Structures are given as structure tokens and as C-alpha cells.
Engineer: 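Let me begin by handing over the structure; questions about it come next.
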Amino acid sequence: MLIDKFNRTIDYIRVSVTSRCNFRCLYCMPNTPFEWEPKENILSYEEMFEFLRLAIDEGVKKIRITGGEPLLRKDLDKFINMLYSYKPTLDLALTTNGYYLPEYAKKLKKAGLKRVNISLDSLRKEVAAKIAQKDVLEKVLKGIDTALDEGLGVKLNTVVMKGINDNEIIDLFEYAKNKNVTIRFIEFMENERAYPGIKRVDSNEILEKISKKYKFTELPKDNSASKYFELEDGYKFGIIEPHSEDFCKSCNRIRLTAEGYLIPCLFFTESYNIKEAIRKGDIKKAAKILRDVVRNKPEKNDWQEDEISERAFWETGG
Ligand code: SAM
Ligand code: SF4
């Protein structure tokens, strides 16, 4: 079992399989050039699997594949199936911008994927295109429907930005509610790669807008990053508020990047690389790095407007 020094059990790994993306979201990587990653720098699926097998044996129960845009990496379904075949009870999930789901959802489900979180920041074609810097809305909405049709568990993620999409909170909420899909509104996390003019909308403002139309109660907090709320008719939605005091108390996750960096906390710049150990077949060393990362997991993140993180979301996978 992996337990950190604040007595949190780490049983969840987010794996970024690529830092490439076909979107250029204003809050994430608005100015990053479209480049190929040199193949030798990134872990192969077999190398990632070697490491993840170790983590599963140490007690990891949930793996979320993310990126960049994970569906840009070839044969993702084969990687998912490697993990599924090793442990069919694993909670196997994917975070995606949804653009390629119309093509891939069926294959992914067949490979063993259980759930998918899809980013949806606007229901207006022009606004979605402004945020992603690409005309994306039609494909993303089709991606959501295809994932649902295939029987995947679906949640939606919306980063709320002042003056850009904060006037759509109710529209997005009702779109999700009509499909009986949980939507989570995410507070924008300041970082130095984001478009400089972006301003976050605090969780209390988001909740206030929803409360003008709907009555809800807060559900007891579990160890997910979200706080969940329930309407009187049973519909559930969430808020992700990394700036709040208790966000880190129940954190159960670490992150692996495509280049082999193991990251104990999204905010902190420290990381440890497992690539060399895995490539040399030194499993004992890889296991030691895993335990060290868990041991050194900081108690709290520190998302502040005046102390902007240099962490790139598209490398860590959010
Ligand atoms: N490309 C996929 C997607 O967009 O869902 C997966 C990678 S993306 C980096 C993972 C998550 O990070 C997404 O839900 C995205 O909205 C979120 N994210 C990226 N930059 C963010 C920021 N500055 N603040 C809050 N959330 C952010
Ligand atoms: Fe790409 Fe996801 Fe970042 Fe948007 S949030 S640029 S879709 S990695």
C-alpha cells in the first residue's frame, strides 16, 4: 500500500500519454507550437505498463489516461487493454477533449475503458472556437453522444472564465442535466502558459448562479478532486476548487508524464524520472522512486494569483 506522510493512501495515478494536443485552449497551451515529440523521449506503452503494473501491485486501483490529448497517441486502445487484461477490476478512465471520440469510443470501450471525462467549455460555436482556437463544438458534442451510446460512464468538465463562458453556466448545466450526465465546473488555475487575460470565477459565484434557479445540497466529500451537490430530483453536479483550503486533504493521486516524470503534486515543480530505471529493467529502483514520490508528496498545493505556477497542464495531464 502507498501511504504518504500525511496518512493519505495513494491509489490513483493519472498518466499523460502525450503532451501533444489538437486544441490550443486559452487556459492551457494557447501559444505552444504544434510539434512532434521525439519518439525516444517518451515512454513506450510497454514501458509505461511495466511501471504501472508495479504501481497496481502496490495498491493503485484507479488509472486515468490523459494528456495533452490522449486520443492523438496511436493505438491507445491497445494500451488500455494491456492495463485491463492485467487487472480487469481496475477503474480505468480517460480525460479527453472529445474531438476524436466519434471515431474511437467504441474501440476504447471494447478495450476495457470504463469512464470518460470530456471537456466542454461552451455550447456556442464561436465561443468554443475562441477558447480552443479551433472550430470544435460539433465534433465534441458528437463525441459526448457517441461515448454515451457506447455505454461509457461520462462526466463533463468546464473551466469557467470571467467574461468568456461564465454567462453559459446555466446553459451548460442544463445541457448536462438533460443528458443525466454529471458536469463539474473547474476554477481556472493560474499558470504562466495560460493566456494572460484569463480570470477565474470563484466556486461561490458559480454556485450562486446555479442556486438562483435550482435548489441543491452538498454531498459528503469523498476523495475525488470535486465537491458534489445534489438537486431535489437526484441530479448531481460538481465543483473543482483547487484554491480552497480543504482541496488537498483527501488527495489520493500522483501523476506520470509521457516522458517518465513522476509528479507528486500538480502545483509543485519537483519530479522524479522513472524512464532510466524502467529502460534498464531495474524494477527495484523504479519501485524506490515510486515510494519516494509518495513519501515526498506535499501536504498542500498553492494556487495563488500572485505566485503563478510554471507547471504545464498539457504535460501533467491536468
Ligand atoms: N486534452 C484533454 C482535455 O482537455 O480534457 C486532457 C488534458 S487537459 C490538460 C485535462 C484537464 O485539465 C481538462 O479538464 C482541462 O479543462 C483542465 N485544465 C487545463 N488547464 C487548466 C487550467 N489552467 N485551470 C483549470 N483546469 C485546466
Ligand atoms: Fe489540449 Fe486539453 Fe490543454 Fe485544451 S485543456 S489545450 S484540449 S490538453
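Predicted, not measured: the structure shown is a model, and the values here were computed from it. Atoms within a ligand are numbered from 1 in the order they appear, just like the ligands themselves.
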Engineer: Will you find, in the side chains of E174 and Y214, an N or O donor that is under 3.5 Å from an N or O acceptor?
Structural biologist: yes

Engineer: If we only count N/O pairs under 3.5 Å, is T96 in contact with ligand 1?
Structural biologist: yes

Engineer: Examine L72 and L76 and state if one hydrophobic cluster contains both, with Ile, Leu, Val, Met, Phe, Trp and Tyr joined whenever side-chain heavy atoms are less than 4.5 Å apart.
Structural biologist: yes

Engineer: Please work out which of R184, R64, M189, E190 has its closest non-hydrogen atom nearest to atom 24 (N) of ligand 1.
Structural biologist: M189

Engineer: What atoms of ligand 1 come within less than 4.0 Å of a heavy atom belonging to E187?
Structural biologist: 25 (C)

Engineer: Applying a 4.0 Å heavy-atom criterion (strictly less than), which segment of T95 is in contact with ligand 1: side chain, backbone, both, or neither?
Structural biologist: both

Engineer: What atoms of ligand 1 come closer than 4.0 angstrom to any heavy atom of T66?
Structural biologist: 6 (C), 7 (C)

Engineer: What atoms in ligand 1 come closer than 4.0 Å to a heavy atom of N191?
Structural biologist: 23 (N)

Engineer: State whether the side chain of T95 and the backbone N or O of N117 hold a donor-acceptor pair below 3.5 Å, judged by distance alone.
Structural biologist: no

Engineer: State the atoms of ligand 1, each with its element, that fall below the 4.0 Å cut-off from a heavy-atom position in E69.
Structural biologist: 1 (N), 2 (C)

Engineer: Sort out for me which residue in L83, T96, L113, I13 forms a side-chain contact (heavy atoms from CB on, under 4.5 Å) with I65.
Structural biologist: L83

Engineer: Sequence neighbours left out, what passes ring pair (Phe, Tyr, Trp, His ring centres under 6.0 Å) with F229? Give chain and number order.
Structural biologist: F216, F237

Engineer: I'd like to know if the side chain of N81 reaches the main chain of A111, judged simply by a donor and an acceptor atom lying under 3.5 Å from each other, with no hydrogens or angles considered.
Structural biologist: yes

Engineer: Between the main-chain N or O of L123 and the side-chain N or O of E168, is there a donor-acceptor pair closer than 3.5 Å?
Structural biologist: yes

Engineer: For atom 14 (O) of ligand 1, which candidate among S19, P70, S119, C21 holds the nearest heavy atom?
Structural biologist: S119

Engineer: Test your reading of the model: is there a side-chain donor-acceptor pair from E69 to the backbone of L71, 3.5 Å cut-off?
Structural biologist: yes

Engineer: Do N117 and ligand 1 have an N or O pair less than 3.5 Å apart?
Structural biologist: no

Engineer: Is the cationic atom of R73 (NZ for Lys, CZ for Arg) positioned less than 6.0 Å from the six-membered ring centroid of Y45 and within 45 degrees of its normal?
Structural biologist: yes

Engineer: May I ask you to check if K134 and F23 form a cation-pi contact, with NZ or CZ under 6.0 angstrom from the six-membered ring centre and within 45° of the axis?
Structural biologist: no

Engineer: So which protein N/O/S atoms does atom 4 (Fe) of ligand 2 have within less than 2.8 Å?
Structural biologist: C25 SG

Engineer: For the residue pair D11 and T9, confirm or rule out a side-chain donor-acceptor distance under 3.5 Å.
Structural biologist: no

Engineer: Just going by heavy-atom distances, which of G67, S16, G68 is nearest to atom 2 (C) of ligand 1?
Structural biologist: G68

